[in-house]
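Just so we're on the same page: letters track the sequence lines, and every chain starts at 1.
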Amino acid sequence: MINEIQLQLTPPVPFSFSGTVGSHGWVDLLPNAWDAETKSMRRVEKLSSGKVVKLIIFEECKEEVTPVIGVNVESQGILLEHEITEIRTRVSDMLRLDEDLSEFYSLCARRGAPWDKITKGLGRMLRAPTFFEDVVKTICTTNVQWGGTKGMVKRLVEVYGEPYPNDETMHTFPSPEIIATAPFDDFHGYVRMGYRSDYVHLLSKRIASGELDLESIKTSSLPTSELKKQLLSIKGVGNYAAANLLMLIGRYDELAIDSIFRTYMRERYFKGVLPSDKEAALIYDDWGKWKYLAYWFEIWEYYNNQSPPQSEQSS
DNA sequence: TTCCAGGGGTAGA
DNA sequence: TCTACCCATGGA
């Protein structure tokens, strides 16, 4: 029996739902999917109890001053209270509703236009409910075009994710345990991640065996430099990937220097001449611990306000 | 066919 | 710390 309930979450004020869900390309990577018509994000989740549920996340009551996030939950059978609590926690975590950006907003307000746009509720970068998913997806963004990233993640989810019982075309993001138990040759052949499949398979095995507690990094209070060291110790994670992952856990003091960053800096600040990475990074030095968010907003503005550079329409 | 993408690992200096 | 070289994959 299909059971449907609707949950409501109260985000902080200000909060931009579209600005958060479309903050970067993550909404386009399965199991996430954006429905432009209903302006909602869809996702299948496997709860700790083992139940697989479908979530549709959207913004309610746009005319109201206080925003409300609606979550339609579809499941087989009635959900227990602790399962509902878990869904709330995961959605809140993805949308980063608990993150305090007030200091960053104050800085932006003082700088005036265009930075004051951020204070309308931008700056919350969509993430996955698990750090494992974010790390795997980040590895899949390295040295590949965005279409390639989407393909790798799609194959990973569709082959190794758990299907949603009421619609088997939809899947969860696979657990480390599932990937770890898959023979490497099969995994490599199915997901076609190139050399990245070694990194993802090894990471999964380390987590499944208990050798690595990846999720603890997400909530650690250690200094950013220490967390960066831990991230760099993961095979497949270099400086770019580590900075991207630090951003996803609320540490914005590092810039993710990739081809997008270099192209942007060359065009915007260095008159067509490619600067060194160090020279380019100095542009954001006075943003202190908010460098990443400042850079990301600026590049967003530069490339047509809405779409991330060199990405297909993703939000 | 060649280039290169939201780079990273490794060896050697 | 820096550089050179190699690394699968697939779109342009």
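We find that CZ of A:R192 is positioned 9 Å from P of C:dT9, with the value rounded to whole Å. We find that CD1 of A:I139 is positioned 14 Å from P of B:dG7, with the value rounded to whole Å.
The side-chain contact (heavy atoms from CB on, under 4.5 Å) with A:R96 is formed by just one residue from the set A:I249, A:L248, A:T20; it is A:L248.
Contact annotation: A:S259 reaches the phosphate of B:dG7 (side-chain N/O to OP1 or OP2, under 4.0 Å). For the OP1/OP2 pair of C:dT9 and a distance below 4.0 Å, the side-chain nitrogens and oxygens of A:H188 include at least one atom meeting the criterion. For the pair A:K154 and C:dG10, the criterion of a side-chain N or O lying under 4.0 Å from OP1 or OP2 is not met.
Looking at the side chain of A:Y292, the nearest of the listed nucleotides B:dG7, B:dG6, C:dG10 is B:dG6. Taking the side chain of A:T142 as heavy atoms from C-beta on, and the options B:dA5, B:dG6, B:dG7, the nearest nucleotide is B:dG7.
Using a 3.5 Å distance cut-off with no hydrogens or angles, the side chains of A:E4 and A:N72 do not pair a donor with an acceptor.
Taking the C1' atom of each, B:dG6 and B:dT10 are spaced 23 Å apart, rounded to whole Å. With both ends at atom P, the span from B:dG8 to C:dG11 equals 22 Å, rounded to whole Å. A distance of about 16 Å separates the C1' atoms of B:dG7 and B:dC3, rounded to the whole Å.
Side-chain N/O atoms of A:Y199 and base N/O atoms of B:dG7 include no donor-acceptor pair closer than 3.5 Å.
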| said: Under the criterion side-chain contact (heavy atoms from CB on, under 4.5 Å), I'd like the reasoning laid out for A:R206 against A:K235: C-alpha separation, chi angles, the key distance, then a yes or no. | reply: CA-CA 11 Å; A:R206 290 182 67 201; A:K235 278 205 177 189; over 6 Å; no
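Using a cut-off of 4.0 Å between Lys/Arg side-chain N and Asp/Glu carboxylate O, A:D286 and A:R111 are scored as salt-bridged.
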